[in-house]
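As C-alpha cells, the structure follows; a few thoughts come after it.
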Amino acid sequence: MVAVLDNKHIDAIMASLMDGIITFDGKGHIIMANKAAENLFLVREGGLEGKTMLEIGDDDIFAMIEEVLMRGNEVFAETVIQPRTQIYRVHVMPIKNDAREIEGAVAVFRDVTDARNFDQMRSEFVGNVSHELRTPLTSIKGFVETLLDGAMENSAICRRFLSIIDAETERLSRLIEDLLSLSSIESKERIINPKPVCLIRSIRSVMNILGPQISEKSLHVEFICDAQLSLILADEDLLNQVLINLLDNAIKYTPRQGKIIIRSRQRDSRVITTFTDTGMGIPHESLPRVFERFYRVDKARSRHQGGTGLGLAIVKHIVESHGGEVFVESEVGRGSTFGVSFLVV
Ligand code: ADP
C-alpha cells in the first residue's frame with residue numbers, strides 16, 4: 001500500500017523546517033507560513049496569513065513576489081530582514097497549474113549569516129597574510145636593489161643593509177612558523193598529547209630560554225607560586241609555546257629596567273598563571289581584540305619588535321584546546337596582566 005501525505009504530515013514537515021517558507025496566492029497574499037517564517041517576521045501563529053509582503057513592511061520581498069507572479073521566473077536575493085541583523089538568502093519560485101499558468105509563489109528564507117561571516121573572515125585573513133608577507137619582502141627587495149646598484153662597494157653600508165635583510169628574513173620565517181602552528185592547532189591536525197606536567201619547571205625553563213632578552217633590557221623578572229601546586233594536564237611543547245609567547249610579549253612591551261611578575265596559584269581544579277608587567281599597557285577599547293589574529297595596538301611598534309601579530313591568537317587557541325581560559329587586564333601607562341588557566345591532573 002502506498003501511504004499518502006495528508007495535511008497533518010505536511011504541517012509537521014513545515015513546522016520542523018529550519019528555513020522559513022511562505023506560500024502566496026496569485027495576487028501576492030500569503031496563504032500559509034511555517035513557524036520559522038513567523039519567527040523571522042516576529043509575528044504570532046497565523047499572523048502572516050492573508051497579508052501581502054507590503055503590509056508586513058518588506059518592500060524588497062514584495063517586489064520579488066510581484067516579479068515572480070508577473071514573469072513566472074525564479075528569483076534569488078540576499079537580504080537583511082529588519083529589525084534583525086542576520087543575512088537571509090531568499091529564493092522565490094512560481095507555482096503553476098497543469099495549464100502552466102501562474103497560480104502563486106513560494107518563498108524560502110535561509111539564514112546564511114554564518115557562511116557569509118566565514119567568507120568575510122577568510123578573505124580578511126588572506127588579505128592580512130598577504131600584507132604581512134609583502135611588507136618584509138618589499139623591504140628585502142629594496143635593500144638588495146640598492147646593494148646591487150653600488151652600495152655594496154661600501155663595506156659599512158653593505159654590512160648594515162645585510163643585517164636589515166637578515167632581520168626581515170627572520171621575521172618572514174617567524175611569520176610562516178606562526179601561521180603553520182596556528183593552522184595546525186585550528187584544524188586539529190596537531191594532536192594534543194596532554195600529560196601531567198610540572199608548571200613550575202616549565203616556567204623556570206622558559207625564563208632561562210628568554211634570559212638573554214631579559215638581561216639585555218635589564219628587566220627584573222620574579223616568579224611567585226603557591227607552595228603546593230598540583231601538576232597540570234598539558235601538552236608540554238604547546239604549554240611552552242604559551243609561556244614563551246606571554247613572557248616574550250611582557251619583555252617586548254616593557255621599557256628597560258621594568259618589572260615582570262609571573263604568578264601561579266591553584267583555584268579548585270585549575271592552576272591560573274598570570275604575567276604582570278610594568279609596560280606601556282593596552283587601551284581599554286583594544287582589550288577585547290588583542291587575542292584576534294593580526295590585531296596590534298601599535299602596528300609600527302609591534303613590527304619594530306619583530307612581532308607577527310599572531311602570538312596571542314596562538315596562546316588562546318592552545319589554552320582553549322586544553323579546556324582552559326585566557327584573560328587580560330591592563331591600564332595604559334601602568335602595565336598589563338595576561339592570564340591563562342590549565343586543568344590540574
Ligand atoms: P605581536 O607579535 O604584535 O606581539 P601578539 O598577538 O603577541 O602579537 O600581541 C598582539 C598585540 O597585543 C601586540 O601587537 C601589542 O599591541 C599587544 N600586547 C600584547 N602583549 C602586550 C603586553 N604585555 N603589553 C602591552 N601590549 C601588549
Side-chain angles (χ1 to χ4, degrees), residues 121 124-125 127-129 131-136 139 167-186 203 206-207 209-210 213-214 216-223 238-263 272-321 325-340:
M121 260 169 55
E124 273 173 16
F125 181 67
N128 279 330
V129 171
H131 177 78
E132 295 293 331
L133 291 172
R134 205 175 45 208
T135 316
S139 144
E168 293 289 16
T169 320
E170 182 72 26
R171 191 146 74 86
L172 268 179
S173 77
R174 221 177 11 246
L175 178 66
I176 288 165
E177 253 168 52
D178 277 0
L179 280 170
L180 287 175
S181 102
L182 195 60
S183 99
S184 73
I185 304 162
E186 266 187 343
I203 290 177
V206 165
M207 284 166 73
I209 294 172
L210 295 177
Q213 284 96 307
I214 295 171
E216 209 239 316
K217 285 183 88 173
S218 311
L219 297 168
H220 171 82
V221 182
E222 217 175 299
F223 175 36
L238 294 178
L239 170 69
N240 283 342
Q241 204 172 345
V242 167
L243 301 173
I244 288 185
N245 285 359
L246 292 178
L247 183 56
D248 183 48
N249 277 351
I251 297 170
K252 274 193 310 199
Y253 299 107
T254 302
R256 300 181 66 77
Q257 291 176 337
K259 196 166 167 185
I260 298 170
I261 301 178
I262 308 170
R263 280 193 187 86
I272 301 165
T273 301
T274 53
F275 293 74
T276 303
D277 60 54
T278 55
M280 60 184 41
I282 300 167
H284 186 69
E285 63 278 10
S286 296
L287 286 176
R289 302 201 57 194
V290 287
F291 290 98
E292 282 176 23
R293 304 163 184 167
F294 296 119
Y295 184 81
R296 293 155 165 136
V297 178
D298 179 342
K299 272 193 193 310
R301 191 184 296 262
S302 157
R303 289 230 171 80
H304 177 70
Q305 308 271 11
T308 60
L310 291 172
L312 289 177
I314 294 175
V315 166
K316 184 170 192 278
H317 267 283
I318 295 180
V319 172
E320 289 180 353
S321 63
E325 281 164 4
V326 295
F327 58 90
V328 56
E329 289 159 7
S330 185
E331 211 178 307
V332 174
R334 299 204 64 167
S336 312
T337 295
F338 279 86
V340 288

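Numbering of ligands and ligand atoms starts at 1, following listing order. What you are looking at is a predicted structure, and each value in this text was computed from that prediction instead of being measured. For reference, positions follow the sequence shown, starting with 1.
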If you measure from each heavy atom of D277 to ligand 1, is any distance below 4.0 Å? yes
Can you find a non-hydrogen atom of K252 under 4.0 Å from ligand 1? yes
Taking only heavy atoms of T308, which atoms of ligand 1 are found under 4.0 Å from at least one of them? 2 (O)
Applying the side chain to side chain contact (heavy atoms under 4.5 Å, CB included) test to S336, which of L287, N249, I282 qualifies? I282
Could you establish whether G279 and ligand 1 come within less than 4.0 Å of each other, counting only heavy atoms on the residue side? no
Whether F291 lies under 4.0 Å from ligand 1, heavy atom: no
Sequence neighbours left out, what passes side chain to side chain donor-acceptor pair (under 3.5 Å) with E222? Give chain and number order. H220
Looking only at protein heavy atoms, which one is nearest to atom 12 (O) of ligand 1, and how far off is it? V290 CG1, 3.7 Å
Which atoms from ligand 1 have a heavy atom of G309 less than 4.0 Å away? 1 (P), 2 (O), 3 (O), 6 (O), 8 (O)
For atom 7 (O) of ligand 1, closest protein heavy-atom neighbour: N249 ND2, 2.9 Å
Tell me whether the rings of F338 and F291 are parallel (<30°), tilted (30 to 60°) or perpendicular (>60°). perpendicular
Compare all side-chain heavy atoms of L175 with those of R171 and state whether any distance is below 4.5 angstrom. no
Could you point out which residue of V206, L246, I318 forms a side chain to side chain contact (heavy atoms under 4.5 Å, CB included) with Q241? I318
Let me know which of E177, R293, H317 forms a side chain to side chain contact (heavy atoms under 4.5 Å, CB included) with L310. R293
Heteroatom proximity flag, I282 to ligand 1, N/O under 3.5 Å: no
Heteroatom distance test (M280, ligand 1): nitrogen or oxygen, under 3.5 angstrom: no
Donor-acceptor contact below 3.5 Å, side chain K217 vs main chain T254: yes
What protein heavy atom sits nearest atom 3 (O) of ligand 1, and how far off is it? S302 OG, 2.6 Å
Closest to atom 17 (C) of ligand 1 among protein heavy atoms sits V297 CG2, 4.1 Å
